There are 4 protein chains.
Amino acid sequence: MIDRAAFPIRRRKHARPRELLVAALDLFVEKGFAATRAEEIAERAGVSKGTLYIYFHSKEDLLNDLIAQRFFRRFPLESFAGHEGTEARSSRELLRSVALAWRSALVEGHAGGVVKLVFTEVHNFPALADFWVHQVLTPTRAVVSSIVERGIQRGEFRAMDPDLVVNALVLPVVATCLHRHAIDPHVPCAFITAGHEALGRHAELVLQGLMAA
Amino acid sequence: MIDRAAFPIRRRKHARPRELLVAALDLFVEKGFAATRAEEIAERAGVSKGTLYIYFHSKEDLLNDLIAQRFFRRFPLESFAGHEGTEARSSRELLRSVALAWRSALVEGHAGGVVKLVFTEVHNFPALADFWVHQVLTPTRAVVSSIVERGIQRGEFRAMDPDLVVNALVLPVVATCLHRHAIDPHVPCAFITAGHEALGRHAELVLQGLMAA
Amino acid sequence: MIDRAAFPIRRRKHARPRELLVAALDLFVEKGFAATRAEEIAERAGVSKGTLYIYFHSKEDLLNDLIAQRFFRRFPLESFAGHEGTEARSSRELLRSVALAWRSALVEGHAGGVVKLVFTEVHNFPALADFWVHQVLTPTRAVVSSIVERGIQRGEFRAMDPDLVVNALVLPVVATCLHRHAIDPHVPCAFITAGHEALGRHAELVLQGLMAA
Amino acid sequence: MIDRAAFPIRRRKHARPRELLVAALDLFVEKGFAATRAEEIAERAGVSKGTLYIYFHSKEDLLNDLIAQRFFRRFPLESFAGHEGTEARSSRELLRSVALAWRSALVEGHAGGVVKLVFTEVHNFPALADFWVHQVLTPTRAVVSSIVERGIQRGEFRAMDPDLVVNALVLPVVATCLHRHAIDPHVPCAFITAGHEALGRHAELVLQGLMAA
DNA sequence: CATGAATGAGGGTTCATTCAT
DNA sequence: TATGAATGAACCCTCATTCAT
């Protein structure tokens, strides 16, 4: 039933947990936690049902491990935290970089699926809310706030609530992720999930509105 | 078990299907379709498990009926369609109205829950994608496009891809909905789901960036 | 699959838990807890697998309820506690009555199966040890002790450790129970589980040894 | 994982089957056959799960082998069979010896656990009933009968059904075994499993009742 | 129509057993 | 021979659905 030639047992031993986590993430994103059967996860990982339970205590545990091991590393925004060596760059340019960091993290890469999972399964896994708010949103908010304040002080931006800028730059990325993973497979919406440059141009639009007169 | 005095049978008999649909919608939004038990729906509607199956063929049918009966009316954007009697209003003002129409439909009201449902259950109910794209997004896109083109022609806006404006105005509303229904119950995020004026000010920001120099 | 004519649904509603407990007790005694499948219990009670879980939370719960509801009433020895109106009877006669009370409780009746269950499942259900010691053995020991002391004081018995008498009268009953339920179905042992009078004559033998010279 | 230094392979290779049998017996006695996992047995024997199946075809086979190899030797009563050189000893003394032989075999030694196993698992392993009746009870019965008849003929005992004496001497030993292995670990019962001399004094009591007037 | 006891297919989980190493 | 990762049959339990009352 499983192609042993393609999946030698010994070689895969240490890879199994990761393979199962990847398979589980894909399926949880695709079908939701409750609608995903344990056997499907195993099958996609190329193992049998029982093998899953060698590495994880339960299906719930799989998702908890996903949250803990896979999600729980900070969003890649540290580079902006202190603006090291960024004195020369305009605040507009810095904010644009933040928006693009979000884009590359969520739209490209498969972190986008994680976003869908967060919003879909948070009811039964509150740790997802913690992850999302404290590991993703809050750091972003801190970085954007500091850049916006810098921009206002340097006269680049007009006076502005930084939260408004966070939301304007970041929430469309979230919504785009969800579209790509939920709606597009059924009804492709090119005008939303258009491609690489769309979010860049979105950032331009917002930042244009931010400029001082 | 059910308080008969408070709910006379006669008067409620015809309301049953609607009451069940409302209960189901609430629970599907809150816990997801798969994780909601048929008995819970009946209980919330104040009837017994068996009664649910008098009015609906199955649990799936309940959601299909929700989509067909509840969702399947156009988004309240018709008023903008022809810009009847709107000649005098600025294009900026019109777009602001569109954004506020979205806000009042999705953030206030409980249509916001429907949005969560769309993104959560679309995998098993492709009709949700059809509903979302054709009944909600596409009309909005048409309206916004026409206003943007009008604004450009009238010299109010600089040249701009209309889709960019749809996305900039509309996607944050979607993301805000999801936040309110998914994340906030666990980790309140005032800076996102701040309240009425937030989205209004977001629209201002975007529209400012849209203005011709 | 289940003969509905013989088992009308409504009439049995209140009888179900008891029927399931009886079926479970029989099977637990016969095959042991771990080797009894939930479906077997249901089948013997004339219902389907799922019905069992309407009335009991789990298979373990079934046994716990058996212990709590069925076993947890004191052994029928109270009548001897105060020797009310027993002044006239000889101590020998009283002890003989205790032994016969054990016999009728354990060998006749189906309490004998319970004894087997106690010894078989106590490892996983320590409450069985509590039941056995505190509800059965300890009361018996108290009664027998008081009678033995009375007999010694009245010069009927020679000096004797009362515990020895408890054991001599009671332990053979226990062993006989176990034989009847465990061994006899496979290899009948008439010389042990002989019948009514055997334990009576056993008591005679022991009591004879107890008599003062 | 296993301390190879402490257990050189060579020396243990031939001991493996016995070590596994001992481990299995302990666990079957402690937790029952169905509730004992094969891996536990292997672990207690200091080998891996797979090794168990080199020496035994299945878990059931382990118990069958236990019965065949371990149990299937006669109970140590042969010495009484012909009363060789016992002419001079009183029948009372001989019976006392039989009781003490039971005690040392069952209460001391770990044969007591076997008794528990017999009564617990006989349903699924009828060979246990055969063993118990034919290898243990029947020989004892034969020996006791002959001694009792001898005692009656020699005028030491009053007329008496020999089976009654078997039961009176032997069943309390059985019950004591079960107590020690089943109940005592949870609720210690000193008054039953008191120690070496208790069964001796029990025998005295019974034999006293047996004496001719 | 309304009820809720009963059903049984389906999915999560365990563990005896196998087999490549 | 020894290992232990992997398997999958079997079991516990849930819950959508039915139907006698």
Side-chain angles (χ1 to χ4, degrees), chain A residues 1-2 4 7-14 16 34-42 46-61, chain B residues 1-2 4 9-10 12-13 16 34-42 47-62, chain C residues 1-2 4 7-14 16 34-42 46-61, chain D residues 1-2 4 9-10 12-13 16 34-42 47-62:
Chain A
M1 188 155 276
I2 288 163
R4 281 279 143 257
F7 298 92
I9 287 178
R10 293 284 165 184
R11 190 174 62 74
R12 307 201 75 74
K13 177 187 165 185
H14 293 300
R16 285 268 185 267
T36 299
R37 284 180 301 121
E39 195 164 14
E40 285 179 284
I41 299 170
V47 297
S48 78
K49 197 172 29 164
T51 301
L52 190 155
Y53 289 92
I54 296 172
Y55 298 102
F56 300 93
H57 178 259
S58 67
K59 196 176 81 165
E60 251 187 46
D61 218 45
Chain B
M1 189 151 278
I2 290 162
R4 286 270 153 260
I9 287 179
R10 281 303 156 91
R12 302 188 68 233
K13 201 178 277 187
R16 283 280 151 74
T36 299
R37 288 181 300 122
E39 192 164 17
E40 286 179 282
I41 298 170
V47 297
S48 78
K49 201 171 19 171
T51 302
L52 189 155
Y53 287 89
I54 295 170
Y55 296 105
F56 300 93
H57 179 258
S58 68
K59 195 174 86 165
E60 251 186 46
D61 219 43
L62 245 175
Chain C
M1 187 154 276
I2 289 163
R4 283 278 143 257
F7 298 93
I9 287 178
R10 292 285 165 183
R11 189 174 62 72
R12 306 202 75 75
K13 176 187 163 184
H14 293 299
R16 284 268 186 266
T36 299
R37 284 180 302 120
E39 194 163 16
E40 285 179 283
I41 299 170
V47 297
S48 77
K49 195 174 28 166
T51 302
L52 190 154
Y53 291 93
I54 295 172
Y55 298 102
F56 301 94
H57 179 259
S58 67
K59 198 175 80 164
E60 250 188 47
D61 218 44
Chain D
M1 189 152 278
I2 291 161
R4 286 271 155 259
I9 288 180
R10 283 303 157 94
R12 301 187 70 234
K13 203 177 278 189
R16 282 280 151 75
T36 298
R37 287 181 298 121
E39 193 165 15
E40 285 179 281
I41 299 169
V47 298
S48 78
K49 201 171 19 169
T51 303
L52 189 155
Y53 287 89
I54 295 170
Y55 296 104
F56 300 93
H57 179 257
S58 68
K59 195 175 85 165
E60 250 186 47
D61 218 44
L62 246 175

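Remember, it's a predicted structure, so these values are computed and weren't measured experimentally. Heavy-atom basis, side chains included; hydrogens, waters and symmetry copies ignored. Chain letters run A, B, ... following the sequence lines, proteins first, then strands; residues in each count from 1.
Atom OH of residue D:Tyr53 and atom CG of residue D:Asp61 lie 10.0 Å apart, to the nearest 0.5 angstrom.
The side chain of D:Ile54 approaches F:dA2 more closely than any other nucleotide in the set F:dA5, E:dC1, F:dA2. Between F:dC11, F:dC15, E:dT7, one nucleotide has an atom nearer to the side chain of C:Arg37 than all others, and that is F:dC11. With E:dG11, E:dA16, E:dT7 as the choices, the nucleotide that has an atom nearest any side-chain atom of D:Lys59 turns out to be E:dA16.
In terms of position on DNA chain E, the residue among D:Glu39 and A:Thr36 whose nearest nucleotide sits closer to the 5' end is A:Thr36. Across the interface with DNA chain E, nearest-nucleotide mapping of C:Gly50 and A:Gly50 shows C:Gly50 to be the residue nearer the 5′ end.
Here F:dA5 presents its P atom at 17 Å from CG of D:Leu52, a figure rounded to the nearest Å. The nearest whole Å value for the distance from the CZ atom in D:Phe56 to the C1' atom in E:dT18 is 18 Å. If you take CD1 of B:Ile41 and C1' of F:dT17, they are 13 Å apart, rounded to a whole angstrom.
Shown here for A:Thr36 and A:Lys59, the closest heavy-atom pair between the two residues is O-NZ, 2.8 Å. Taking all atoms of both residues into account, the shortest heavy-atom contact from C:Ala42 to C:Ser48 is CB-O, 3.4 Å. Closest heavy-atom contact between D:Glu40 and D:Ala35: OE1-O, 3.9 Å.
Residues B:Leu52 and B:Leu62 form a side-chain contact, since some pair of their non-hydrogen atoms from C-beta on lies under 4.5 Å apart.
Residue B:Tyr55 has a polar side-chain atom (N or O) positioned under 4.0 Å from OP1 or OP2 of E:dA2. Here B:Arg16 does not reach the OP1 or OP2 of E:dC1: none of its side-chain N or O atoms lies under 4.0 Å away. Residue D:Tyr53 places at least one side-chain N or O under 4.0 Å from the OP1 or OP2 atom of E:dT17. Proximity of A:Thr51 to the phosphate of F:dA6: no side-chain N or O atom is located under 4.0 Å from OP1 or OP2.
Under the Watson-Crick or G-U wobble criterion, with both distances below 3.5 Å, E:dA20 is paired with F:dT3. Nucleotide E:dA9 has F:dT14 as its partner under the Watson-Crick or G-U criteria, with both atom distances under 3.5 Å.
Contact annotation: side chain of C:Lys49 to base of E:dG10, donor-acceptor pair present below 3.5 Å.
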